[in-house]
Amino acid sequence: MQTFLQFILNALSLGSIYALMALGLVIVFGILRLVNFAYGELIMVAGYAWFALQGPGWPWVLLAVGAVIAAGVVSVLTERVAFRPVRSDSLNAMLVTSFAVSTLLQNSALLLVSPRARAVEVPSVLNNSIEFGGLRLGVNDLVTIVVCGAVLLALGALLRRTTLGIALRAAADDFRMLRLLGVRADKVIATAFAISGVLAGVVGVLWITRIGAVTPTVGAAPLLIALIAVVVGGMNGLAGSIVGGYLLGTLTVGLQLFLPQEVLAFRDAFIFAVVIIVLVLRPQGLVKGRYSAERVA
Amino acid sequence: MRTGLRTVGVIAMVLLAAACGADPNAGTAGATGGTQGDAGSSDVITIGAALSLTGIQAPLDEPGLRGAQLAVKHLNEQGGVLGKEIKLVNLDGKSDPVTVGNNAVQLISEGAKAIIAPCDFDFGSPASREAQSAGLVGISTCASSPLYNSDNLGDKQFTLSMWNTTMGAAGAEWAYTKQGWKTAYVVTDTFIDYTKSLSKYFIETYKHLGGQVLGEDTYTQGDQNFSAQLQRLKTLPQQPEVIFVSSYMPDLALIVREIRSAGITAPIMGGDSYDDPELPKALGDRFGDDIYYATHSYLSDQAGSQVAEFLGAYQKEHGKEPDTAMVTTGYDVVMVLADAMKRAGSTDGAAVAKAMENNEFSLLTGKLTWSEAAKGHEPDKEAAMVSVKDGKTAFEGWFRPGWAPQP
């Protein structure tokens, strides 16, 4: 029982951060039908922003906010500089552009900072852990769960209650109709990138403070996780990516814990096997999205 | 829209220029001209390098190149080798085996007399194969795979590093015999071959000595989640006296922190991937304690007077201390090549290779002897044992294991 409860806690913590990663990716995909391969680098940007700001001994809340803002700003900048000019071209052009942006950001970090890992100062309190009834929960896990919950609620409110949010949701359903109604496409898309960047920033802060170090390639794993979570959960809607994120987190923790030692090295093979089974049974993902029109420029 | 595109283009081009264009210049130490013409001339000995300055291999290769440049400068200040000036030319291998091989071909056609290969079997062996087919000595800065042998690559190919067999054995014997830790738990990062084979040889030696391995677990670089492994470790019927964690940065810091913050105080051990100044920094004095690893060298005069000299020269050249001990591998590679050329009295590949066998070299990375080509050029080398205590590294001494497993 105790093992199971501990497993639930661990799965909840990992699932929360995976869900957030997936959400950041799907919010741009929903509108542009673009899988933004530079998304992982936004997480990296948050990490390096933290690294750059940590010198003067500012409170870490300030560092976290700075890192989130940095990721958001870079995200909007990539939209303005790289994606907007090719938006009216084919989807392939956008996809290749996103690879280019990814490489560009990664190599900038490599040249400007170092190819080697750089340590970030993790607030000491995050490394404490709470023990209750034989269960152990790290403060960083607790913070992850709480922050992810709060961000999910805030995003939900934003999308349902504000005009901008309604425009975003409408854009995901039928972008052409939205433009015919006089909503400015540039503004909607820039907002989507800003939200995606802020989510990447939050993920970045949680992710980087877990590791305690940042490298130019730190964003690769989160990007892959987000992509799988989105595909499994369903690409046409935010709920799908959240479901996908939690499913992937639970699978990862569960298999690591319950697989016998001899086959543990093949854990990822088991995860992908489950992913394949899900996709065979439900090609549209676990959560079916609502009606969605073809992408238009 | 046009402006936007152009901006991206300009940024991309500037970065590309910085990434690729600058490398050959940065890699050229010694000769002033730097043109292809003088590479083959009689008063210059060109050493070619295909080290990667970009991509995943860059963290290991880029410091190596810095060390190699310093060695070339040092040699030329002392009058060069065989009365000739040494010139080092590096072409960025870009962490791509094919590019590394092509770079080696180009360097050889430009008159290189020896080839320095990247610090890894997968990335380094293409350069060594090209060097072998051109009849030149090829040497990797720090590939530790036992596959880096003369059976595989040819009778003129070497690696400066001890093999993983020695590295794993050094850790195991040091833990079991010197520290008296009789039970171990092993966590292996399954993402790359290096970490897998290091664990394998640690376990083999540890069992050979009579130690008991209580359990094994795996981790995958990039997972960023050690909770399940921790749960398994904490519920072991018997707690281990030492935990061997074969992983690398950045996730290595996370694993160590998670183990420590769960209240497990057993010493943690590993290989040369721990040799990263960011590890103690990332752990701080709260978690950076009771950690030990076998590596190539230690950047302090405790590891020998020549290390102190090297540090002085590095400080003078770069204005700061080296950020990683990996710089010493590049320095040593150039010094070994120069030494062997002096002993051979020529730059002929076969003669230099012969001079590298069965000779003891006293290096920044310890004393080194290669076996003859028929025995695979197995490096017989000391390991530097280093500890992390209170968030700071300390030198524990040179250690040569008495027994090492067969690859």
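For chain B, no part of A/T103 is nearby; none of its heavy atoms comes within less than 4.5 Å. Contacts between A/S124 and chain B at a heavy-atom distance below 4.5 Å involve backbone atoms as well as side-chain atoms. Heavy atoms closer than 4.5 Å to chain B are found in both the backbone and the side chain of A/V253. With a 4.5 Å cut-off on non-hydrogen atoms, A/N128 touches chain B through its backbone and its side chain both. Contacts between B/L230 and chain A at a heavy-atom distance below 4.5 Å involve the side chain alone, from C-beta outward. Contacts of A/Y18 with chain B are made by side-chain atoms alone, with heavy-atom separations under 4.5 Å and no backbone atom involved. For chain A, the nearby part of B/P63 is the side chain; its heavy atoms alone come within less than 4.5 Å. Only the side chain of B/T324 comes within less than 4.5 Å of a heavy atom of chain A; its backbone N, CA, C and O stay farther away. Looking at B/F226, there are no atoms closer than 4.5 Å to chain A (heavy atoms on both sides), in backbone or side chain. Residue contact with chain B, scored on non-hydrogen atoms closer than 4.5 Å, involves the backbone of A/L259 exclusively. Neither the backbone nor the side chain of A/T78 comes within contact range of chain B, judged by heavy atoms closer than 4.5 Å. Only the side chain of A/L110 comes within contact range of chain B, with at least one heavy atom under 4.5 Å from a heavy atom of that chain. Within the 4.5 angstrom heavy-atom criterion, only side-chain atoms of B/D323, from C-beta onward, approach chain A.
The minimum heavy-atom distance between A/D141 and A/R210, with the atom names listed, is OD1-NH2, 3.1 Å. Looking at every heavy atom in both residues, B/L214 comes nearest to B/Y185 through C-CD1, 4.5 Å.
Side chain of B/N90 to backbone of B/L51: a donor-acceptor contact under 3.5 angstrom is found. Judged purely by atom type and a 3.5 angstrom limit, B/R232 has no side-chain atom pairing as donor or acceptor with the backbone of B/S227. Using modelled atom types, one side-chain atom of B/T328 and one backbone atom of B/A325 make a donor-acceptor pair closer than 3.5 Å.
Ring-plane geometry between B/Y293 and B/Y274 is classed as tilted, the angle between the planes lying from 30 to 60 degrees on a 0 to 90 degree scale.
Counting heavy-atom pairs closer than 4.5 Å to chain A, the top-ranked of the candidates B/E62, B/E216, B/K281 is B/E216. Counting heavy-atom pairs closer than 4.5 Å to chain B, the top-ranked of the candidates A/G138, A/A117, A/A213, A/A221 is A/A117. In terms of heavy-atom pairs under 4.5 Å with chain A, the best-connected choice from B/Q231, B/K234, B/R260, B/M249 is B/Q231. The candidate from B/D223, B/L252, B/D251 with the greatest count of non-hydrogen atom pairs under 4.5 Å with chain A is B/D223. Among A/P115, A/P216, A/S114, the residue making the largest number of heavy-atom pairs under 4.5 Å with chain B is A/P115.
Residue pairs meeting the side chain to side chain donor-acceptor pair (under 3.5 Å) criterion with at least one partner in residues 36-52 of chain A, sequence neighbours excluded, are A/E41-A/S102, A/E41-A/Q106.
Between atom CD of residue B/Q57 and atom NZ of residue B/K94 there is a gap of 15.0 Å, rounded to the nearest 0.5 Å. Atoms OG1 and CD, on B/T190 and B/Q221 in that order, are 10.0 Å from each other to the nearest 0.5 Å.
B/V256 is listed as a side-chain neighbour of B/L283, based on a closest heavy-atom distance under 4.5 Å.
Salt bridge A/R118/B/D276: absent, no basic N to carboxylate O contact under 4.0 Å.
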